[in-house]
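Computed from a prediction, not measured in an experiment: that's the story for all the values here. In what follows, every heavy atom counts, from backbone to side chain, and hydrogens, waters and symmetry copies are set aside.
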Amino acid sequence: MPPTPRGAAVGRRIGIGLIHGAWRPRVLGAHRVPASGPVILAVNHAHNVDGPVLMGTAPRPVHFLIKREAFVGPLGRFLTGIGQIPVDRGGTDRTAVVSALGVLERGGVLGIFPEGSRGAGDFAALRGGLAYFAVRSGAPVVPVAVLGGADRRSRLVPVLPPLRGRVDVVFGDPFVAAEPGARRTRAALDAATERLRGRLEEHLTRARRLTGR
């Protein structure tokens, strides 16, 4: 089932209640996200709550590309219902690609973890998917730094940040990864990946300096 704007809007409302109830998010620069039209949010990924945190703090509903392994049983039905997109990370997932491009063609917001999986959260291990969607769609990319979720662990649930702990979400300035009409050659995608890496790492450095993280 293709992701729906209504589902993502429901997911945003759930995210707002969850995140503001469990933690203390501090959101900086949300006004930098374009109020309309296609947008790609490129988010660092150091903790398993990064996606829900962003869903509950972004100014617009977000459709995330999420590993297919999460779409099992009730959780899978829930994620599908709130407009999230399963993706097979083991190869080219044409269904996920079509769904993600469809979100952008409809003027929606696509959330991507450019590193592909949780890691240091520093954008160093950037994969090519972000560049593909940015070049193919021409949508502006907004870098997002989620900081604080991995600093400490909850004593009750070790895989989560401490309840009522502060989590900082910092949105950067939108930019385009390639010139309009750029050819989608391997060289162009590689160049876009390096351009994205530089801008994302620069934003993360600024965000850390701004938040003291």
Side-chain angles (χ1 to χ4, degrees), residues 2-3 5 7-8 11-12 15 32-34 37-71 79 82-146 149 169-178 184 189-190 192-204 207:
R12 179 171 183 263
R32 297 189 175 101
V33 178
V39 179
I40 299 173
L41 300 183
V43 192
N44 68 320
H45 197 18
H47 202 281
N48 56 4
V49 299
D50 293 337
V53 164
L54 194 62
M55 289 179 64
T57 56
R60 295 172 59 185
V62 183
H63 301 268
F64 264 104
L65 283 165
I66 300 175
K67 62 181 181 181
R68 184 173 296 279
E69 294 89 335
F71 287 75
L79 291 173
I82 60 171
Q84 307 310 295
I85 304 170
V87 60
D88 182 355
R89 298 177 299 175
T92 301
D93 188 334
R94 294 183 62 84
T95 300
V97 168
V98 170
S99 295
L101 290 174
V103 166
L104 296 171
E105 289 168 0
R106 293 193 301 270
V109 180
L110 179 66
I112 295 179
F113 296 115
E115 298 156 287
S117 59
R118 290 196 306 276
D122 57 4
F123 292 121
L126 207 65
R127 300 177 68 176
L130 173 59
Y132 174 81
F133 287 114
V135 173
R136 173 74 182 269
S137 68
V141 176
V142 173
V144 188
V146 179
V169 183
V170 186
F171 294 88
D173 292 318
F175 65 96
V176 293
R184 296 192 297 272
L189 291 174
D190 288 345
T193 296
E194 290 308 308
R195 188 177 302 114
L196 286 160
R197 189 194 313 278
R199 292 292 294 268
L200 296 177
E201 290 178 343
E202 179 182 333
H203 171 67
L204 185 59

Do Arg136 and Leu104 touch side chain to side chain, with heavy atoms closer than 4.5 Å? no
Is any side-chain N of the basic residue among Arg32 and Asp173 closer than 4.0 Å to the acidic one's carboxylate O? yes
Strictly distance-based, threshold 3.5 Å: is any side-chain N or O of Gln84 a donor or acceptor partner for the main-chain N or O of Val62? yes
Hey, what do you get for OG1 (Thr57) to CZ (Arg12), rounding to the nearest 0.5 Å? 9.0 Å
Residue pair Gly172 / Val142: nearest heavy atoms and the distance that separates them: O-CG1, 3.4 Å
Can you see which heavy atom on Ala207 is nearest to which on Ala145, and at what distance? CB-CB, 3.7 Å
Is there a side-chain contact between Asp93 and Pro86 (heavy atoms, below 4.5 Å)? no
With rounding to the nearest 0.5 angstrom, report the CE to CG distance, Met55 to Leu41. 11.5 Å
Ile85, Leu110, Val43, Ile112 screened by side chain to side chain contact (heavy atoms under 4.5 Å, CB included) with Phe64, the one that passes: Val43
Shortest non-hydrogen separation from Arg106 to Pro3 and the atoms involved: NH2-O, 3.0 Å
Work out which heavy atom in Val33 is nearest to a heavy atom in Pro59; give both atom names and the distance. CB-CG, 3.7 Å
Value for CG (Leu101) from OH (Tyr132), rounded to nearest 0.5 Å, stands at 5.5 Å
For Ala42 and Leu130, the nearest pair of non-hydrogen atoms, with its separation, is CB-CD2, 3.8 Å
How long is the gap from CG on Leu204 to CG on Asn44, to the nearest 0.5 Å? 5.5 Å
Can you confirm whether Leu196 sits close enough to Pro114 that some side-chain heavy atom of one is under 4.5 Å from a side-chain heavy atom of the other? no
Tell me the closest heavy-atom pair linking Val170 and His203, and the distance in Å. O-NE2, 2.9 Å
Does the side chain of Val141 reach to within under 4.5 Å of the side chain of Phe133, using non-hydrogen atoms? no
When rounded to the nearest 0.5 angstrom, what is the spacing between CG in Leu65 and CZ in Phe113? 10.0 Å
Below 4.5 Å, heavy atoms only, C-beta onward: do Val144 and Val169 meet side chain to side chain? yes
